[in-house]
Amino acid sequence: DSGKKKSATSRVKQDCVPGGLSKAFKYAGDVETATTITAMEDAIIKAEDTNGDRMTAATQNVVFKLCKYEPRKLKGVKCALQIDPAYVTIVTLKPGNHSVSLYKGLIFDSAEREPLPLARENLTHCLGAEYEGIKRGYFFVSQPTKKRPAGEGENSSPNSSPVCKKQKA
């Protein structure tokens with residue numbers, strides 16, 4: 001044993017999508033979305049209605065349907081170091097299938113207690129192999145809330161709340 005820390009790929013990594021994504025939203029100040037992702041972790045890991053695709057289960061079935069964000073596919077971005085730091089973003093690293101979330105120049109990995117600075121060597125560390133780029137990813141944009149103009153109607157619609165919808169028990 002060389003005393004080196006075990007890499008992410010040497011551990012069982014089924015929770016990489018919900019784990020990193022939840023941490024990134026929490027860091028961004030959206031505790032409610034982070035809590036919703038954590039509560040839906042088992043459904044994301046099973047990804048039954050997305051043919052086992054955990055990223056689609058998280059981005060479409062949880063963050064889009066239950067929370068206030070629209071996932072947008074990264075286009076033309078081949079390296080995580082090129083990603084706009086203003087948005088919570090989830091990417092699948094290559095080689096392999098490990099996903100991490102990024103926000104404000106930080107990497108949020110389910111296997112790490114604290115975020116790591118966004119740097120090639122830290123992406124390699126998270127991946128457990130030499131980082132070669134990203135396979136795919138999504139960034140999250142706040143969905144507009146439906147607001148009535150001032151003075152129109154006395155009661156606002158209970159469905160126009162910008163917070164995550166409560167999940168059914």
Side-chain angles (χ1 to χ4, degrees), residues 8 13-94 96-120 122-123 126-127 131 133-147 157-168:
K13 295 298 300 146
Q14 293 188 333
D15 69 339
C16 65
V17 170
L21 200 52
S22 174
K23 289 177 182 181
F25 275 110
K26 184 175 181 181
Y27 185 87
D30 191 341
V31 176
E32 193 156 1
T33 294
T35 302
T36 299
I37 293 167
T38 300
M40 297 299 293
E41 184 174 294
D42 288 341
I44 293 169
I45 291 170
K46 288 178 185 173
E48 291 173 347
D49 57 346
T50 58
N51 295 320
D53 184 340
R54 293 183 182 119
M55 188 178 289
T56 298
T59 60
Q60 302 298 323
N61 295 354
V62 176
V63 179
F64 180 65
K65 288 182 181 175
L66 300 179
C67 301
K68 61 182 178 181
Y69 297 94
E70 175 187 333
R72 296 191 181 165
K73 196 171 193 171
L74 287 175
K75 294 180 181 175
V77 179
K78 306 247 187 256
C79 179
L81 302 174
Q82 301 169 326
I83 291 173
D84 186 338
Y87 299 98
V88 172
T89 304
I90 186 166
V91 295
T92 300
L93 305 175
K94 61 181 183 181
N97 252 351
H98 185 56
S99 295
V100 297
S101 292
L102 309 170
Y103 181 65
K104 298 284 186 191
L106 296 171
I107 303 168
F108 297 86
D109 185 348
S110 62
E112 300 295 329
R113 294 186 131 210
E114 299 293 326
L116 301 171
L118 179 57
R120 182 173 294 280
N122 287 335
L123 292 165
C126 293
L127 186 57
Y131 168 73
I134 58 174
K135 289 183 180 181
R136 67 179 178 151
Y138 294 89
F139 64 100
F140 299 93
V141 178
S142 290
Q143 293 181 35
T145 57
K146 296 177 183 173
K147 292 185 179 180
S157 168
N159 295 328
S160 65
S161 173
V163 297
C164 294
K165 298 174 187 172
K166 303 294 179 199
Q167 81 180 56
K168 295 178 182 175

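Just so you know, these numbers come straight off a predicted model, no measurement behind them.
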Any heavy-atom pair between the side chains of [Y] and [X] that's under 4.5 Å?
X: Thr33; Y: Leu66; result: no
X: Val63; Y: Pro71; result: no
X: Glu112; Y: Ile107; result: no

*Applying side chain to side chain contact (heavy atoms under 4.5 Å, CB included), run through Leu118 and Leu123 and close with a yes or a no.*
CA-CA 7 Å; Leu118 179 57; Leu123 292 165; 4.1 Å; yes
*Identify which one of Thr59, Leu102, Leu74 satisfies the side-chain contact (heavy atoms from CB on, under 4.5 Å) criterion when paired with Ile90.*
Thr59
_More than 12 heavy atoms of other residues, nucleotides or ligands under 6.0 Å from CG of Asp84: yes or no?_
yes
Once you round to the nearest 0.5 Å, how far does [atom1] of [X] lie from [atom2] of [Y]?
X: Tyr138; Y: Ser99; atom1: OH; atom2: OG; answer: 11.0 Å
X: Tyr69; Y: Gln143; atom1: OH; atom2: CD; answer: 10.0 Å
X: Phe108; Y: Tyr27; atom1: CZ; atom2: OH; answer: 6.0 Å
X: Asp49; Y: Gln60; atom1: CG; atom2: CD; answer: 11.0 Å
X: Arg54; Y: Asn97; atom1: CZ; atom2: CG; answer: 9.0 Å
X: Cys126; Y: Leu116; atom1: SG; atom2: CG; answer: 5.0 Å

I need the minimum non-hydrogen distance between [X] and [Y], along with the two atoms involved.
X: Pro85; Y: Tyr103; result: O-CD1, 3.8 Å
X: Cys79; Y: Ile134; result: N-CG1, 4.1 Å
X: Val62; Y: Met40; result: CG2-CB, 3.8 Å
X: Lys94; Y: Leu127; result: O-CD2, 3.5 Å
X: Ala57; Y: Ala47; result: CB-CB, 4.0 Å
X: Pro18; Y: Ile44; result: CD-CG2, 3.8 Å

*Okay, side chain of Thr89, backbone of Phe139: is any donor-acceptor separation there less than 3.5 Å?*
no
_Given 3.5 Å as the limit, does a donor-acceptor pair link the side chain of Lys104 with the main chain of Ala28, or not?_
no
*Under the side chain to side chain contact (heavy atoms under 4.5 Å, CB included) rule, what do Lys26 and Thr38 come out as? Steps first, then yes or no, please.*
CA-CA 11 Å; Lys26 184 175 181 181; Thr38 300; over 6 Å; no
*Going through the checks in order, is the side chain to side chain contact (heavy atoms under 4.5 Å, CB included) test met by Phe25 and Thr35?*
CA-CA 9 Å; Phe25 275 110; Thr35 302; over 6 Å; no
